[in-house]
Engineer: 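What follows is a single structure, and I will ask about it in a moment.
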Amino acid sequence: MRSYRELFRTPEYAPFLLSFAAYAAAQTIGGLALGTLVYRATGSPLLSAVSMFGPQLAQLLGAAFLLSGADRLPPRAILTVIPLAFAAGTAVLALPGLPIRAVFVVLLAQGLVASLGGGVRGGLMNEILPKGGYVLGRSVFNMLWGLIQITGFATGGALLALLSPRACLLLTAACYLLSAAVTRLGLTARPPRATGRPSLSATWTTNALLWSSRPRRLVFLGLWVPNGLVVGGESLYVSYAPSDAGTMYAFGALGMFLGDLAVGRLVPPTLRPRLATPLRLLLAVPYLFFFLRPGLALSVLAVTVAALGFAASLVLQERLMSLTPDELAGQAFGLHTTGMVALQGIGAVLAGTMAQLTSPATAMTLMATASIAVTLTLSALGKREERRPGAGGDGERGAVEVLGVTDVDGAG
């Protein structure tokens, strides 16, 4: 599958995207509104960053108990319940006089509920799309996320200039309700992909199976760590430039959109595996210049260029799906999503703590430096794996190549 026309002729793909669009708009506008609300109430870069990205840490706990449900529960029902729960929680966050502690209790509950979303959504898309259509379909999904972020952060910034953060949160709740309605009316009821009840033992057994493969471990780490450190730096936009944070987030989303467009539609499949490491480095290097405290124009340029590097995830996600049996696709994607957002939450906490001790600009630079170090370490591990005796099998060699450390001829 190489054309968008063919892609959008696939039954249910359009309503699947529309339901996600409403959900993503709610997350974008709501996250900016909540981060602004907390920063105005506390003046703390740490609490502001954690309010926007910290709830993702709660997904670790939810995934420990619930992740097996990604393949063992009906996908349409789950993708309807999650936005309904978020709508209720967001309405609570909009209550006047809600203590900061109560805000974080609600965010914890939302993180637990959200722990199923990534796996269910990823597994369902793998079912909806035909074989060979995953990268193109996922690139459109990612581009939509980028467009929603562009418009959502720009709209959120404009709304915050006109309305209170609490009013913006009520609009967010309405977007969640719309997502639930589109999911319920636009998607077909499907049975679970796997049999058995969701449980802690089933979750950990499958997670252990997924993690036991060296190729998959390399892919998971490539998806989680460099991304999480950079997103941690992004969580400081509000404290770095309070009046221009929406602009910075919007241009970052534009860069992500352009990167996904190029990799998903224009880059030949034979070239994609070599791009993961260069793109991961691109994701972090522009943030090194924030140590110089550039003005808004240069900051926006750096953010846009860096965000092109998020397209590395397309390469790694494609490889993950190729290494995973279909009946485990939901949990594999859920493990990827949970690890990714958990590392983003940890990154937000680390970045916020550094910003408290130094400054937002310094903290962003340090997070970028750590991301570069991790990417180079993964590249070195990939080279060592390639030299390991008996590492020439397709699966393990594919994991080395997807980290971007060999060319198609294996010439380093």
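This one's a predicted model, so the numbers in the text were calculated from it and none came from an experiment. This chain uses plain numbering: 1 for the first residue, then up along the sequence.
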Engineer: With heavy-atom distances below 4.5 Å as the criterion, would you say the side chains of Arg280 and Ser313 are in contact?
Structural biologist: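 Yes, at least one pair of side-chain atoms sits under 4.5 Å.
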Engineer: What distance separates Phe257 CZ from Phe310 CZ, expressed to the nearest 0.5 Å?
Structural biologist: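 Here the interatomic distance stands at 16.0 Å.
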Engineer: Could you tell me whether the side chain of Thr90 and the main chain of Ala87 form a donor-acceptor pair under 3.5 Å?
Structural biologist: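 Answer holds: no.
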Engineer: Kindly give the heavy-atom pair with the smallest separation between Tyr287 and Thr365, and that separation in Å.
Structural biologist: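 Shortest heavy-atom separation between Tyr287 and Thr365 comes out as O-OG1, 3.5 Å.
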Engineer: List the steps, then state whether side chain to side chain contact (heavy atoms under 4.5 Å, CB included) holds for Phe333 with Met125.
Structural biologist: CA-CA 11 Å; Phe333 206 91; Met125 184 166 63; 5.6 Å; no
Engineer: Is the backbone of Leu323 close enough, under 3.5 Å, to the side chain of Arg216 for a donor and an acceptor to pair up by distance?
Structural biologist: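 Indeed, once roles are kept as given, a pair shorter than 3.5 Å links the two residues.
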Engineer: Using the rule given for side chain to side chain contact (heavy atoms under 4.5 Å, CB included), can you reason through Leu34 versus Leu107, listing the C-alpha separation, both sets of side-chain angles and the distance that settles it, and then say yes or no?
Structural biologist: CA-CA 10 Å; Leu34 185 61; Leu107 294 177; 3.6 Å; yes
Engineer: Show the nearest heavy-atom pair for residues Leu159 and Cys168, with the distance to one decimal.
Structural biologist: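 So the two residues come closest at CB-SG, 3.6 Å.
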Engineer: Using modelled atom types only, decide if a donor and an acceptor are shared between the side chain of Asp260 and the backbone of Ser139 within a distance under 3.5 Å.
Structural biologist: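 Such a contact is absent between Asp260 side chain and Ser139 backbone.
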Engineer: CG of Leu223 to CG of Leu316: how many Å apart, nearest 0.5 Å?
Structural biologist: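 If we round to the nearest 0.5 Å, Leu223:CG and Leu316:CG are 4.5 Å apart.
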Engineer: Roughly how far, to the nearest 0.5 Å, is CG of Leu218 from CZ of Arg319?
Structural biologist: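 It comes to 10.5 Å.
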Engineer: For the side chain of Ser212 and the backbone of Leu209, is there at least one donor-acceptor N/O pair under 3.5 Å apart?
Structural biologist: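 Indeed, once roles are kept as given, a pair shorter than 3.5 Å links the two residues.
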Engineer: Taking atom types as modelled, is there a side-chain donor on Thr362 or Ser359 under 3.5 Å from an acceptor on the other?
Structural biologist: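 Side-chain D/A pair, Thr362 to Ser359: present.
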Engineer: Considering non-hydrogen atoms only, spot the tightest contact between Gly246 and Leu32 and give its length.
Structural biologist: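 In this case the closest contact between Gly246 and Leu32 is CA-CD2, 4.3 Å.
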Engineer: When you compare the side chain of Leu47 with that of Phe104, does any pair of heavy atoms fall below 4.5 Å?
Structural biologist: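 Heavy-atom side-chain distance check passes, below 4.5 Å.
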Engineer: Taking all atoms of both residues into account, what is the closest heavy-atom pair of Leu308 and Leu279, and its distance?
Structural biologist: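 The answer is O-CD2, 4.0 Å.
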Engineer: Can you establish whether the number of heavy atoms outside Phe291 located under 6.0 Å from its atom CZ is more than 12?
Structural biologist: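 Open: at most 12 neighbouring heavy atoms sit under 6.0 Å from CZ of Phe291.
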Engineer: Mark yes or no for whether Thr324, through its side chain, and Met321, through its backbone, hold a donor-acceptor pair below 3.5 Å.
Structural biologist: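 Flag not set: sc Thr324 to bb Met321 has no pair under 3.5 Å.
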Engineer: Give a yes or no on whether the backbone of Tyr39 and the side-chain of Ser48 come within a donor-acceptor separation of less than 3.5 Å.
Structural biologist: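 No; judged by distance alone, with no hydrogens or angles, the pair does not exist.
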Engineer: Please step through side chain to side chain contact (heavy atoms under 4.5 Å, CB included) for the pair Thr369 and Leu229, ending with a clear verdict.
Structural biologist: CA-CA 9 Å; Thr369 302; Leu229 292 169; over 6 Å; no
Engineer: What is the minimum heavy-atom distance between Ala302 and Pro286, and which atoms define it?
Structural biologist: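 Between these two residues, the closest heavy atoms are O-CB, 3.4 Å.
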Engineer: What is the distance from atom CG of Leu124 to atom CZ of Phe20, rounded to the nearest 0.5 Å?
Structural biologist: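 With rounding to 0.5 Å, CG (Leu124) is 13.0 Å from CZ (Phe20).
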Engineer: Tell me which one of Val230, Val231, Leu350 satisfies side chain to side chain contact (heavy atoms under 4.5 Å, CB included) with Met367.
Structural biologist: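 Checked Val230, Val231, Leu350 against Met367; only one passes side chain to side chain contact (heavy atoms under 4.5 Å, CB included): Leu350.
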Engineer: Say whether, by atom type as modelled, one donor and one acceptor occur between the side chain of Ser179 and the main chain of Ser19 under 3.5 angstrom.
Structural biologist: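 Yes; judged by distance alone, with no hydrogens or angles, the pair exists.
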Engineer: Could you give the distance from CE (Met364) to CE (Met354), rounded to the nearest 0.5 Å?
Structural biologist: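 Rounded to the nearest 0.5 Å, the CE-CE separation comes out at 13.0 Å.
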Engineer: With a 4.5 Å heavy-atom cut-off, do Val120 and Leu73 have their side chains touching?
Structural biologist: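 No, their side chains stay 4.5 Å or more apart.
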Engineer: Side-chain contact test, heavy atoms from C-beta onward, threshold under 4.5 Å: evaluate it for Gln344 versus Trp224 and give yes or no.
Structural biologist: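 When only atoms from C-beta onward are counted, Trp224 and Gln344 do not touch, as no gap falls below 4.5 Å.
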Engineer: Please state whether the rings of Tyr237 and Tyr249 are parallel, tilted or perpendicular, taking 30° and 60° as the class boundaries.
Structural biologist: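 Judged by the thresholds at 30° and 60°, the geometry between Tyr237 and Tyr249 is tilted.
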Engineer: Please verify the inter-ring angle class for Trp211 with Phe220; under 30° counts as parallel, over 60° as perpendicular, anything in between as tilted.
Structural biologist: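 The rings of Trp211 and Phe220 lie parallel, inter-plane angle below 30°.
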Engineer: Would you please classify the geometry between the Phe16 ring and the Tyr13 ring as parallel, tilted or perpendicular, with 30° and 60° separating the classes?
Structural biologist: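 Plane angle under 30°, so parallel.
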Engineer: Report yes if some heavy atom in the side chain of Tyr23 is under 4.5 Å from a heavy atom in the side chain of Arg121; otherwise report no.
Structural biologist: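 Contact flag for Tyr23/Arg121 side chains = yes.
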Engineer: For residues Ser213 and Pro215, report the shortest heavy-atom separation together with the two atoms involved.
Structural biologist: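 Shortest heavy-atom contact: OG-CD, 3.1 Å.
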Engineer: Please examine the side chains of Tyr240 and Ser299, heavy atoms only from C-beta on, and report whether any two atoms are closer than 4.5 Å.
Structural biologist: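 The answer is yes, as the side chains (C-beta and beyond) meet within the 4.5 Å cut-off.
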Engineer: Determine, stepwise, if the pair Leu7 / Val140 fulfils side chain to side chain contact (heavy atoms under 4.5 Å, CB included).
Structural biologist: CA-CA 9 Å; Leu7 178 67; Val140 171; 3.5 Å; yes
Engineer: With a 4.5 Å cut-off on side-chain heavy atoms, are Leu93 and Gln110 touching?
Structural biologist: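 Gln110 reaches Leu93 side chain to side chain.
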Engineer: Find out whether Glu12 and Arg190 are in side-chain contact, i.e. whether some heavy atom of one side chain is under 4.5 Å from a heavy atom of the other.
Structural biologist: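 Yes, close enough: below the 4.5 Å cut-off.
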Engineer: Can you tell me how far apart CG (Leu171) and CG (Leu163) are? Round to the nearest 0.5 Å.
Structural biologist: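 CG of Leu163 is found 6.5 Å from CG of Leu171.
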Engineer: Using atom types as modelled and distance alone, determine if a side-chain donor or acceptor of Arg184 lies under 3.5 Å from a backbone N or O of Thr80.
Structural biologist: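 Not confirmed, Arg184 side chain does not pair with Thr80 backbone.
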Engineer: As a test of understanding, state which of Thr375, Val374, Leu376 forms a side chain to side chain contact (heavy atoms under 4.5 Å, CB included) with Leu378.
Structural biologist: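 Exactly one option meets the side chain to side chain contact (heavy atoms under 4.5 Å, CB included) with Leu378, and it is Val374.
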